[in-house]
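Predicted model, so just to flag it, every value in this text is computed and none were measured.
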Amino acid sequence: MSSVTEQAQDRVLDTIEQTRRELITFLGEYVRFQSVNPEMVPEGTSTELRQCQEWLRDRLHSWGIFDEVRCLVEDPEQPNVVARRRGQGNGPALLFNGHSDVVPVTPDQEAAWSVGSPWGGAVIDGKLWGRGASDMKGGNAAFLWAIKALAAAGVRLRGDLLATVVSGEETGHHTIGVDLLAAEGYVAPFGILTEPTDLQVCPATVGEFYFLISVQGRSASLASRHLAVYPAPYGVPVAGVNAIEKMLKIQRALVDLDREWGVWQRHPLMVPGNMNINFSRIHGGDIYSAIADGCELTGSVLFNPSLSFEQVLAEFRRAIDGAVQSDYWLREHPPTITVPYILDQKEPINLSPGHPGCKALIDAYEEVMQTSPTLICTTGTSDGNYLAARGQAIVTFGPGASNAGVHGPNEHVDVDRLVAATKVIALTAMEWCEIAALD
């Protein structure tokens, strides 16, 4: 390590440590905005997402460290904040990404909230409490404060620093959020997404798609069920076909596939069983006194980062077809399979831990934490999947944690881990973008 690099690191780490109270105050103000995704706002309430993003834009502008700060707007109620701190040239740019929209606090969650308040942003027992503290305003604050600390410490980098805080993530509506970044030039050879990972480094992220399966039956009175399920004399028609029972055959086939994936589908960073099928909703029949003439099954699939959506979908369809081909009715009346359903599919992220950007993050972590990070695959998806699908190399790393009340009561972020993440991110920027000068 050169003397300039060592001096720059010391300055930046000292700056972050000395301004940790200001960082916490900034995050507390950020959390107090009830920036619920507009499509998830409970009846009788409102959202402050637009006001939150406008506040964030104005705060970043007031720091005076960015060469540009602006909003990218597809939906006026869900603006995206972007900022650029230009480097001195001849260095690779670094992209940071996060989202300001949060899920609502339900009445049950509010009643169960036992520390602080859902929108208080208070620090109690070394943690900052409130909706979004962990997912993911804490992560956004970490990368924004890291950029601020670099400027305050007089560190000039060769590459640009791009800060992007979008909307629409919680409902997966990437067309009003992250999709706008590339069109406006907010791309870089490497990026860090600060979704909650509990300071684990995640070069890989599972893929995801939702599905809807519809099965047709033949309605009949429940008094005719014996004619529908037991042998009848020649010439007597089958009275009815219960779509719910036919769907059960398909479910069994998918449960078997789920078990097969659990045993055989592995990835060096993916936790066992993370490739799976979830049934989230089933509806069959509309008349309580009749054999069901239709049934719909909704669910989702998470899949191995080393596979493509097309590969997984082909296996999914083969499993269903196996059930169909073994059933007389389903062969003549095959189910309708809608994929993707509700949201666009999310291709996985499978960045090599040896990628230079990932190595820079690991080196920075080891410098700050004095130990090696845990490398894992995220167990869920995010806007990072959509960024990666557009060619953005990206790693997920953030101070929040999924077991810190995310999407539930008592959401919080540990203050020490927030500060640590800020330090790691700042040193990563220095290594990746390269130091140009030290004022």
Side-chain angles (χ1 to χ4, degrees), residues 22-66 68-84 96-107 109-110 113 116-123 128-145 147-148 162-181 184 186 194-196 383 398 400 405-407 411-413 418:
E22 289 90 337
L23 166 59
I24 295 164
T25 299
F26 171 72
L27 177 56
E29 293 178 18
Y30 194 8
V31 168
R32 281 190 280 277
F33 282 96
Q34 298 186 32
S35 55
V36 176
N37 185 291
E39 297 178 52
M40 305 174 80
V41 175
E43 187 177 351
T45 65
S46 60
T47 177
E48 297 176 342
L49 178 57
R50 179 178 56 79
Q51 294 92 323
C52 176
Q53 290 291 72
E54 291 173 349
W55 168 86
L56 185 60
R57 176 201 60 196
D58 294 345
R59 284 298 300 269
L60 299 188
H61 188 270
S62 72
W63 290 353
I65 64 171
F66 293 103
E68 60 182 56
V69 180
R70 60 194 181 110
C71 284
L72 304 180
V73 181
E74 178 73 17
D75 178 346
E77 294 304 310
Q78 301 191 67
N80 309 285
V81 178
V82 295
R84 183 190 303 268
F96 297 108
N97 179 253
H99 63 87
S100 282
D101 59 313
V102 301
V103 300
V105 177
T106 68
Q109 291 174 358
E110 188 165 8
W113 206 288
S117 60
W119 307 104
V123 177
L128 191 146
W129 303 79
R131 173 62 81 232
S134 202
D135 180 23
M136 61 171 294
K137 292 178 179 179
N140 298 341
F143 72 70
L144 293 171
W145 208 261
I147 299 172
K148 190 174 189 291
L162 310 176
T164 64
V165 183
V166 302
S167 299
E169 195 277 344
E170 292 294 359
T171 48
H173 285 177
H174 53 101
T175 57
I176 66 172
V178 288
D179 284 5
L180 304 180
L181 302 182
E184 295 293 327
Y186 287 86
T194 55
E195 286 275 7
D383 272 345
V406 169
H407 289 209
E411 184 174 352
H412 62 273
V413 66
L418 170 68

From CA spacing to verdict: side chain to side chain donor-acceptor pair (under 3.5 Å), His99, Glu195: CA-CA 9 Å; His99 63 87; Glu195 286 275 7; 3.3 Å; yes
Shortest non-hydrogen contact from Asp101 toward Glu170: OD2-N, 2.8 Å
Neighbour count >12 (heavy atoms, 6.0 Å) for atom NE2, His407: yes
Parallel, tilted or perpendicular, as decided by the 30° and 60° cut-offs, for the rings of Phe96 and Phe143: parallel
Working for side-chain contact (heavy atoms from CB on, under 4.5 Å), residues Ser117 and Trp129: CA-CA 7 Å; Ser117 60; Trp129 303 79; over 6 Å; no
Any donor-acceptor pair under 3.5 Å from Thr194 side chain to Gly139 backbone: yes
Test item: Asn80 side-chain N/O and Cys71 main-chain N/O as donor-acceptor pair under 3.5 Å: no
Closest contact, heavy atoms only, Leu418 versus Gly138: CD1-O, 3.3 Å
Reported OG1-to-CG distance for the pair Thr175 and Leu180, which is rounded to 0.5 angstrom: 8.0 Å
Partners passing ring-ring contact (aromatic ring centres under 6.0 Å, His included) against Trp119 (at least two apart in sequence or in another chain): none
Thr164 side, atom OG1; Tyr186 side, atom OH - distance, nearest 0.5 Å: 9.0 Å
Exercise: do Ser100 and Gln53 side chains pair donor with acceptor under 3.5 Å: yes
Where Gly400 and Ser134 come nearest, the two heavy atoms and their spacing: CA-OG, 3.0 Å
Whether Trp55 and Phe33 hold their rings parallel, tilted or perpendicular, with breakpoints at 30° and 60°: tilted
Derivation of the side-chain contact (heavy atoms from CB on, under 4.5 Å) call for Leu181 and Val82: CA-CA 8 Å; Leu181 302 182; Val82 295; 3.8 Å; yes
Note, Leu56 side chain near Leu144 side chain (heavy atom, < 4.5 Å): yes
Inter-residue atom distance Glu411.CD - Leu128.CG, 0.5 Å rounding: 10.0 Å
Which atom of Met40 lies closest to which atom of Pro104, heavy atoms considered: O-CG, 3.4 Å
From CA spacing to verdict: side-chain contact (heavy atoms from CB on, under 4.5 Å), Thr47, Asn37: CA-CA 7 Å; Thr47 177; Asn37 185 291; over 6 Å; no
Any residue meeting side-chain hydrogen bond (donor to acceptor under 3.5 Å, both in side chains) with Glu29, in chain and number order, not counting sequence neighbours: Arg59
Between His174 and Glu169, a side-chain donor and acceptor under 3.5 Å: no
Ile24 side chain near Val123 side chain, heavy-atom distance below 4.5 Å: yes
Test item: side-chain donor near acceptor, Gln34 and Arg131, under 3.5 Å: no
Any residue meeting ring-ring contact (aromatic ring centres under 6.0 Å, His included) with Phe66, in chain and number order, not counting sequence neighbours: none
Side-chain heavy atoms of Val102 within contact of Asp135, under 4.5 Å: no
Asn97 and Val178: CA distance, side-chain angles, deciding distance, side-chain contact (heavy atoms from CB on, under 4.5 Å) verdict: CA-CA 9 Å; Asn97 179 253; Val178 288; 4.0 Å; yes
Minimum-distance pair of heavy atoms, taken over all atoms of Tyr30 and Cys52: CE1-SG, 3.5 Å
Nearest-0.5 Å distance that lies between atom CD in Glu54 and atom CD in Glu48: 11.5 Å
Minimum heavy-atom distance between Lys137 and Ser35, given as atom pair plus value: NZ-OG, 2.8 Å
Separation between CG of Asp75 and CD of Glu39, rounded to the nearest 0.5 Å: 8.0 Å
